[in-house]
Engineer: 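Sharing a structure with you now.
Hydrogens, waters and symmetry mates are skipped; everything else that's a heavy atom, side chains included, is used.
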Amino acid sequence: MVARGSRWARDLDITSTDGGITQAPGTVIVVDGTTTLDAGTSDITLDGPGNDFQGPFNASGGAITVVDGTGGLVIGNIDAEGDFDATST
C-alpha cells in the first residue's frame with residue numbers, strides 16, 4: 001500500500017494484508033489524531049521530511065521507519081520484527 005500524502009483530521013488506521021506500507025516520494029502525511037499501521041510481517045516506511053504525526057504513532061510490521069519533520073513524535077505501541085527507526089526533528 002502506498003500512501004500518496006494527505007491530511008487526516010482524525011485518526012489514520014491502515015492495515016495491509018498484501019505487502020508493506022510506504023510513502024510516495026515527495027508527499028507529506030499529516031495526522032491530527034492517532035496513527036495505527038499494521039503491515040503484518042512486511043515493512044513500514046513513512047519517511048517524508050515534512051510528515052507530522054500529532055497523536056500517538058502505533059505500528060506493527062517488519063522493519064519500521066517513521067519520520068516526523070515537525071517534532072513531537074509520540075511513540076505508542078510498536079511491534080517491529082526488524083529494525084525500528086524513528087526520527088523527530
Side-chain angles (χ1 to χ4, degrees):
M1 190 254 157
V2 176
R4 303 247 181 243
S6 193
R7 180 179 191 111
W8 284 268
R10 295 189 183 187
D11 299 337
L12 173 62
D13 190 350
I14 297 174
T15 299
S16 176
T17 58
D18 190 26
I21 299 171
T22 62
Q23 180 172 0
T27 61
V28 174
I29 297 173
V30 178
V31 183
D32 293 340
T34 300
T35 300
T36 303
L37 308 173
D38 184 349
T41 59
S42 297
D43 295 344
I44 297 171
T45 305
L46 301 180
D47 58 357
N51 292 346
D52 185 9
F53 299 98
Q54 298 173 12
F57 183 89
N58 306 295
S60 177
I64 299 172
T65 300
V66 60
V67 173
D68 184 322
T70 64
L73 181 64
V74 176
I75 303 297
N77 297 317
I78 301 295
D79 181 9
E81 293 190 15
D83 293 337
F84 173 57
D85 182 26
T87 302
S88 182
T89 57

Engineer: Where do T34 and V31 come nearest, in terms of heavy atoms and distance?
Structural biologist: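 In terms of heavy atoms, the two residues are closest at O-CG1, 4.1 Å.
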
Engineer: Testing N58, L12, D13 one by one against T35 for a side chain to side chain contact (heavy atoms under 4.5 Å, CB included), which residue passes?
Structural biologist: L12

Engineer: Drop me the distance from I21's CD1 to L37's CG, to the nearest 0.5 angstrom.
Structural biologist: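 Going from CD1 on I21 over to CG on L37, the span is 5.0 Å.
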
Engineer: Using distance only, find each side-chain donor-acceptor pair of residues 62-81 under 3.5 Å and give its atom names and separation, not counting sequence neighbours.
Structural biologist:
| unit_1 | atom_1 | unit_2 | atom_2 | d |
| --- | --- | --- | --- | --- |
| D68 | OD1 | T70 | N | 3.0 |
| D68 | OD1 | T70 | OG1 | 3.0 |
| D68 | OD1 | G71 | N | 3.2 |
| D68 | OD2 | F53 | N | 3.1 |
| T70 | OG1 | D52 | OD1 | 2.8 |

Engineer: Mind jotting down which residue pairs meet the side chain to side chain donor-acceptor pair (under 3.5 Å) criterion with at least one end in residues 38-51? Sequence neighbours excluded, please.
Structural biologist: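 Every side chain to side chain donor-acceptor pair (under 3.5 Å) pair that includes a residue of residues 38-51, provided the two are not neighbours, is Q23-N51.
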
Engineer: For S60 and I44, which heavy atoms make the closest approach, and how far apart are they?
Structural biologist: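 Heavy-atom minimum between the residues: O-CD1, 3.4 Å.
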
